[in-house]
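Each chain gets a letter, A, B and so on, in the order its sequence line appears, and its residues count up from 1. Everything quoted here is computed from the prediction, not taken from an experiment.
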Protein chains: 2
Amino acid sequence: MRVTIRQVAAAAGVSTATVSRVLAGTQAVSPELAERVRQTAASLGYRPNVLAQGLARGRSGVVGVLVPNLANPYFNDTIKALMHSAERDGYRVIVADSDERRENELPLGESLLRWSDGLVLVASRAAPTALRRLVGAHKPVVAVNHKPKPEIDEFVHISVNAYTPMRELCRHLVREGHRRIVYLSGPRTSWQSQERWRAVRSARRWGASVSSVPCGGTIEEGYAAAEGALGEEPSAVMAFNDLAAFGFLSRCGELGLRVPEDLSLTGFDDIPFAQFTSPPLTTVRSPLADVGVAAWQAMRRLLDGERRVLGMMLPSEMVIRSSTAPPRSMLGGSEPDKTTPTT
Amino acid sequence: MRVTIRQVAAAAGVSTATVSRVLAGTQAVSPELAERVRQTAASLGYRPNVLAQGLARGRSGVVGVLVPNLANPYFNDTIKALMHSAERDGYRVIVADSDERRENELPLGESLLRWSDGLVLVASRAAPTALRRLVGAHKPVVAVNHKPKPEIDEFVHISVNAYTPMRELCRHLVREGHRRIVYLSGPRTSWQSQERWRAVRSARRWGASVSSVPCGGTIEEGYAAAEGALGEEPSAVMAFNDLAAFGFLSRCGELGLRVPEDLSLTGFDDIPFAQFTSPPLTTVRSPLADVGVAAWQAMRRLLDGERRVLGMMLPSEMVIRSSTAPPRSMLGGSEPDKTTPTT
DNA sequence: CTTGGTCTAGAAACCGGTTACTAGAGATCA
DNA sequence: TGATCTCTAGTAACCGGTTTCTAGACCAAG
């Protein structure tokens, strides 16, 4: 039914080896023959069977990507950039979604590896033993936004520097007069969340009192964590990411709290929605697409057999919008230490 | 390096055929032998090579999904549901993103089909000739939210009924007193946009004057279309989808217009963000996940060789939140025909 | 004119599975 | 007891490519 390489060979009066050589361009074939083969292949509409090719070459031309949650816009831009880069190099991408459950990561990762030549783990929350098993398949693994582990150094790390801009953001808040800051923490096993919290803690040196409230990385979790966080009577709340900030903001609206008049709020990632909330969200812009491109480039090199491929730490920058402002106490001209009462 | 079926066969003292039969469970093998084979396979950590399996079986166990824009949250839930359903049946999903450019759809679709056993086209904007070529590969094609084409009836349609709830929403607006409605239209070649506009036009029978303003389906387009739409001096704006409504809402805020006091606004899809904007968005809830599941079920049947697989039209329902309210003129008690002036 | 090197292209082995075909053992029946 | 049928498991032919190995043609050098 489908046209195979043998049919092309027969029609062109050559061997299958020659057809393969012409189309792959791997070895020299006389120009006339090559041209004739190309003509017949085109006229018959020949398309190599990718499975047969993969089997013979020992490479499938597919890479796997594992993300915690496809529905998070944060991952979309990264995946999209990675996918397009891979496409340009003739690779296809298969995606799996662990649904934010770390126990899913190992089976899904193994499944992806059976199809693919390499694996990109985005924001993995997997345990070291699981990672070790994935690396054990002896295929390239690139980790995006994952804590560099000295004990398993067999994968390349592409990360965003969250610490520096988060710390800068804290300093900005303190300069505006905030003295009581609450951090809505992300998923417990997320390295990025730990980095961000580490940065927030540094605000203590500027004289602020900071505390952390368990939250998560989704809108729903931000919404749910709001009342607990407000109990700490902060003048500024820094959410793990934009989604959590978004949910928090929504709950504030319901509780009659106004942002930034009654409370300042920050996010992280600068997902496309962040600038369209009301008020537009002060946040940190992650170079989402750049991360995807960098991850692919690293993967590409590993696939090409390069030995020492270096990881990257990409910079990100604070974006001040209108969800942050000096606390009301500052405007009132009184003590900068006493903060706004909540409802 | 990797353990193959031959090694398992040798270790168990049987032929490769027997190993294959035991593991695939396709034919009867004596219980003792089967057990021995399973033991050896497990102890050697044998994993069948999916490429070889695919080649031999003539099926890859992969399905392709083509979406206009992965970054649109609208598609995420659908893809996620589809992916998980497929996974449960032992299939993997490869995704491609046409970047909202219809000329990308044919090459990407063809590329996906080379890897996969079937193709799911989500909200395709492709021309009939392109579709005909994709169908020509003689592999199952499922179209999600695409206009049923009588002339190419070789693919199964899974759609959301946009007309009924959109019309209901119009009627709701009219009942609240709106007489001047503007529809922000979606991508020109989108069938769903045409359906939604057809529904909006029906509001004329209730005495409203309606018009359509070109917009699109992204936040940016909604933002950009705002001023033009406001020039029509509507009391209610119905956007093609939630994203456009979101962008529009943001621009209104900048222009000092308050929703719903000065203007009512509706979206479509009920993406997770819709209930968290301020004000929460009146919209239509598309059964996003159900669409994905239904698309997979249809695909699964087609892959299993079923002849007549029926398409589906899924219901969706209006969700009234706070972005709609009676126009100010109604509150003021004066003429219901004269609407709010813009800035 | 012979010899050795280079280059092209075909034959055939391979990649790692699946499965049609077949042989042999054991069961059933006349 | 012999013929036939059933059932298991091995042999070998695929699936559709790639690539090693090799033969033959051609060329230049001795």
Taking 4.0 angstrom as the limit, do A/Arg125 and A/Glu105 come out as a salt bridge?
-> no
Is the closest basic N to carboxylate O distance between B/Lys139 and B/Asp117 below 4.0 Å?
-> no
Nearest whole Å is fine: how far is [N] [atom2] from [X] [atom1]?
X       : N      : atom1 : atom2 : answer
B/Arg2  : C/dC14 : CZ    : P     : 20 Å
A/Asn49 : C/dG16 : CG    : C1'   : 14 Å
B/Leu44 : C/dG17 : CG    : P     : 12 Å

Indicate the ring-plane relationship of B/His146 and B/Phe155, choosing parallel, tilted or perpendicular according to the 30° and 60° boundaries.
-> perpendicular
From the list B/Val160, B/Leu314, B/Thr78, side-chain contact (heavy atoms from CB on, under 4.5 Å) partner of B/Asp290 resolves to B/Leu314
A correct 5'-to-3' footprint of nucleotides 18-24 of chain C, with B, S and - meaning base, sugar-phosphate only and no protein heavy atom under 4.0 Å, is SBB----
Close approaches to DNA chain C from residues 28-36 of chain B, in residue order (heavy atom, under 4.0 Å) = none
Are any side-chain N or O atoms of B/Asn145 and backbone N or O atoms of B/Ala123, one a donor and one an acceptor, separated by less than 3.5 Å?
-> no
When you measure from the side chain of A/Asp89 to the backbone N and O of A/Tyr91, does any donor-acceptor pair fall under 3.5 Å?
-> no
Evaluation steps, side-chain contact (heavy atoms from CB on, under 4.5 Å), between B/Ile94 and A/Val93 = CA-CA 6 Å; B/Ile94 54 178; A/Val93 168; over 6 Å; no
OG/A/Ser20 to CD1/A/Ile5 distance, rounded to the nearest 0.5 angstrom?
-> 5.0 Å
Indicate whether the side chain of B/Thr18 and that of B/Ser15 have a donor and an acceptor atom separated by less than 3.5 Å.
-> yes
Tell me yes or no: between the side chains of A/Thr189 and A/Arg102, is some donor less than 3.5 Å from an acceptor?
-> no
Dot-bracket notation for DNA chain D is requested: 5' to 3', Watson-Crick or G-U wobble pairs only, both distances under 3.5 Å, with ( ), [ ], | and . as defined.
-> ||||||||||||||||||||||||||||||
Contact nearer the 5' end of DNA chain D, comparing B/Val14 with B/Leu55 | B/Val14
